[in-house]
There are 2 protein chains.
Amino acid sequence: MPKPSVPQPERQEKLQVILRHAAQVFCEKGYEGASIRDISRSSGVSLAGLYHYIKSKQQLLYLIQIHTFKTILAQLENSLSGVMEPVEKLRILVHNHLDYFLQHPVEMKLLAHEDEALEGTFRKEVLEVKRRYVEIALEIFEEMRGAGVARRLNPRVAVLSLFGMMNWTYTWHRAEMDPRADALAETIAGMFLHGVMNGHGDTRAKSVRPAGARLRNRRARADNL
Amino acid sequence: MPKPSVPQPERQEKLQVILRHAAQVFCEKGYEGASIRDISRSSGVSLAGLYHYIKSKQQLLYLIQIHTFKTILAQLENSLSGVMEPVEKLRILVHNHLDYFLQHPVEMKLLAHEDEALEGTFRKEVLEVKRRYVEIALEIFEEMRGAGVARRLNPRVAVLSLFGMMNWTYTWHRAEMDPRADALAETIAGMFLHGVMNGHGDTRAKSVRPAGARLRNRRARADNL
DNA sequence: ATTTACCGAACGAACGTTCGAACGGAAGCG
DNA sequence: CGCTTCCGTTCGAACGTTCGTTCGGTAAAT
């Protein structure tokens with residue numbers, strides 16, 4: 001039973017390098033449009049050499065997606081712990097989502113755009129994490145309704161529309177001209193909660209920020225790829 | 001000078017059949033993941049036979065996208081003609097978009113999902129129609145601001161978030177369980193205009209529908225489930 | 001001596017596209 | 001009318017390329 005002193009950590013490190021390059025290539029050319037040879041070229045590892053770290057092209061996408069999703073989910077659960085107010089929970093969710101989105105645009109585009117590329121077990125496992133993630137948002141929304149808010153709305157439509165606003169950003173957000181994560185999250189959370197018509201059709205701008213002003217300390221955490 | 005009595009119309013008809021099958025295949029397997037052979041099999045036209053109607057795989061996607069986009073744009077401009085109230089214009093835009101989306105889910109998914117598949121002139125031409133389409137939404141939003149609404153919002157973020165809500169539907173809307181176009185449009189337009197918190201955090205449901213109640217002869221039913 | 005890391009070369013399959021020939025009906029002509 | 005010419009349509013077969021993956025081997029480290 002050989003106990004490799006070096007292999008384990010170095011192997012994982014190199015796998016991470018490969019995954020980073022693979023994510024970049026998948027992002028640029030799409031999963032189907034990207035070839036293993038593209039990833040080989042980009043990462044500097046030979047074509048055959050890649051297969052010492054992965055078993056297939058599908059597994060490559062799977063590893064990227066599952067890691068990204070589990071990370072953003074764990075970060076969300078952590079940020080949410082201890083928070084009671086449903087509306088603040090929702091603001092935290094939006095901040096967390098967009099923060100991660102703009103900090104890891106490549107991986108998040110892969111999550112949003114390559115939703116149907118995986119098959120079989122890979123697909124099921126990623127979908128399971130996604131289900132949990134959406135479930136959290138739905139529960140928060142139901143809590144808001146329980147507190148007497150948005151009773152007339154279809155929760156599924158409302159929550160998935162919120163995800164639509166957030167996830168669609170990968171198609172248009174340009175770092176050099178658009179708001180950064182914090183401002184973007186404020187805007188989108190504000191739109192979701194109060195709409196674009198502050199008041200009922202005229203100007204009045206109330207102080208539309210009940211909570212969530214100090215969730216900065218919650219999110220300063222270590223995240224790597 | 002041969003004057004073909006039959007050829008012209010029949011040729012166009014058969015092309016339409018091919019385009020329909022191609023759209024279906026592209027929708028199911030993605031543009032890169034779908035092969036010309038898949039389309040050949042699906043449409044019943046031989047592999048070589050396809051090339052009598054199209055010049056390349058890219059042109060196939062181009063023809064689908066450009067036709068879909070020009071149709072929905074023309075329909076929008078038509079529905080908008082004569083309407084003065086900005087808020088009603090916006091409601092019409094949302095209704096028009098979601099109406100078309102749910103009536104042509106395959107083509108609209110292609111428009112939303114295969115945004116980066118085309119290259120060169122094909123790409124530019126589709127982007128040009130898209131630009132005009134988004135421009136209309138932006139102008140409407142600016143008119144709303146001119147009327148004293150939503151002054152504090154970044155128009156680009158607001159409008160693209162609205163498109164996010166609408167376009168993201170292709171990832172989750174199931175005809176058998178989700179609201180139909182009318183109800184969906186009401187909900188999304190309502191969320192965009194007034195947010196999910198009717199009033200400012202408590203229950204009261206005001207009459208939040210200033211105009212656009214009689215868009216057409218549609219069912220005026222609220223959303224359920 | 002065994003295991004791990006790595007790679008050049010090759011595998012068979014599938015890709016988008018093209019070729020060359022066959023088919024079928026209308027047009028030209030005696 | 002028969003016969004030929006022509007042209008749009010169709011397709012089996014093949015083109016050359018690229019695909020994901022594997023094989024067989026070398027080099028270094030344990």
Side-chain angles (χ1 to χ4, degrees), chain A residues 1-19 21-23 25-26 28-65 114 116-123, chain B residues 1-19 21-23 25-26 28-64 114 117-123:
Chain A
M1 183 185 187
K3 181 174 44 181
S5 63
V6 176
Q8 203 72 324
E10 277 191 12
R11 192 182 162 83
Q12 282 302 311
E13 257 181 50
K14 184 150 185 182
L15 175 58
Q16 295 305 317
V17 172
I18 292 172
L19 290 181
H21 283 95
V25 173
F26 284 154
E28 282 168 9
K29 318 182 84 166
Y31 174 74
E32 298 281 358
S35 76
I36 296 284
R37 283 166 178 83
D38 291 329
I39 295 164
S40 161
R41 202 173 307 117
S42 164
S43 63
V45 182
S46 77
L47 188 56
L50 282 178
Y51 282 85
H52 271 255
Y53 295 90
I54 55 149
K55 285 178 61 184
S56 67
K57 189 187 179 188
Q58 283 234 348
Q59 195 198 30
L60 212 41
L61 178 60
Y62 164 76
L63 288 175
I64 296 165
Q65 286 193 339
E114 303 294 348
E116 302 178 317
L118 295 183
E119 295 168 343
T121 309
F122 287 154
R123 178 166 235 263
Chain B
M1 183 186 181
K3 179 173 45 180
S5 62
V6 177
Q8 202 73 323
E10 277 192 11
R11 191 183 163 83
Q12 283 301 311
E13 260 182 47
K14 184 151 186 181
L15 175 58
Q16 296 305 318
V17 171
I18 291 172
L19 290 181
H21 283 94
V25 173
F26 284 154
E28 283 168 9
K29 318 180 83 166
Y31 174 74
E32 297 281 359
S35 75
I36 297 283
R37 283 166 178 83
D38 291 329
I39 295 164
S40 161
R41 201 173 309 117
S42 163
S43 64
V45 181
S46 77
L47 190 55
L50 283 178
Y51 283 86
H52 267 256
Y53 296 89
I54 55 150
K55 285 178 59 182
S56 65
K57 188 187 178 188
Q58 283 235 348
Q59 195 199 29
L60 211 40
L61 178 60
Y62 164 77
L63 288 175
I64 297 166
E114 304 294 350
L118 295 183
E119 295 167 344
T121 310
F122 287 154
R123 178 167 237 263

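Scope of the values below: all heavy atoms of this structure, side chains included, with no hydrogens, waters or symmetry mates. Residue numbers begin at 1 in each chain, while the letters A, B, ... track the order of the sequences.
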(Q) So, applying side-chain contact (heavy atoms from CB on, under 4.5 Å) with A/Tyr62, which one of A/Leu118, A/Ile54, A/Thr121 is it? (A) A/Leu118

Q: Starting at atom OH of B/Tyr51, determine the distance to atom C1' of C/dC15, rounded to an integer number of angstrom.
A: 9 Å

Q) So, the side chain of A/Gln65 versus the backbone of A/Glu114: is there a donor-acceptor pair under 3.5 Å, distance only? A) yes

Q) For every nucleotide of nucleotides 7-12 of chain C, 5' to 3': is a protein heavy atom under 4.0 Å from its base (B), only from its sugar-phosphate (S), or from neither (-)? A) BB-B--

Q. Can you check the A/Gln59 CD to D/dT21 C1' distance for me, whole Å?
A. 14 Å

Q) Hey, mind stepping through B/Lys14 and B/Val45 against side chain to side chain contact (heavy atoms under 4.5 Å, CB included) and telling me if it holds? A) CA-CA 10 Å; B/Lys14 184 151 186 181; B/Val45 181; 3.8 Å; yes

Q | Pairs involving residues 34-63 of chain A, ordered by first then second residue, that meet salt bridge (charged side-chain N to carboxylate O under 4.0 Å, His left out) (sequence neighbours left out) | A | A/Lys29-A/Asp38, A/Asp38-A/Arg41

**Q.** Nearest-Å distance for atom pair CD/C1', residues A/Glu13 and C/dA5
**A.** 15 Å

Q: Using whole Å, report how far CD1 of B/Ile36 lies from P of C/dG16.
A: 5 Å

Q: Measure from CD on A/Glu32 to P on D/dT18 and round the result to the nearest Å.
A: 18 Å

(Q) When you measure from the side-chain N and O atoms of A/Arg11 to the phosphate of C/dT4, is any distance below 4.0 Å, counting only OP1 and OP2? (A) no

Q: Would you mind reading off the distance between A/Lys57 atom NZ and D/dT21 atom P, rounded to a whole angstrom?
A: 8 Å

Q: Quick one: sort the A/Phe26 and A/Tyr31 rings into parallel, tilted or perpendicular, breaks at 30° and 60°.
A: tilted

Q: Return the value, rounded to whole Å, for the distance between atom CZ of B/Arg41 and atom C1' of C/dA14.
A: 11 Å

Q. A/Ser35 side chain N/O closer than 4.0 Å to the phosphate oxygens (OP1, OP2) of D/dC19?
A. yes

Q | Position toward the 5' end of DNA chain D (nearest nucleotide), A/Lys55 or A/Gly33 | A | A/Gly33

Q. In chain order, what residues pass the salt bridge (charged side-chain N to carboxylate O under 4.0 Å, His left out) check against A/Glu116, with sequence neighbours excluded?
A. B/Lys109

Q. Ignoring hydrogens and geometry, is there a side-chain-to-backbone donor-acceptor pair from A/His52 to A/Ala48 under 3.5 Å?
A. no

Q: Round to a whole Å and report the spacing from CD of B/Glu10 to P of C/dG24.
A: 16 Å

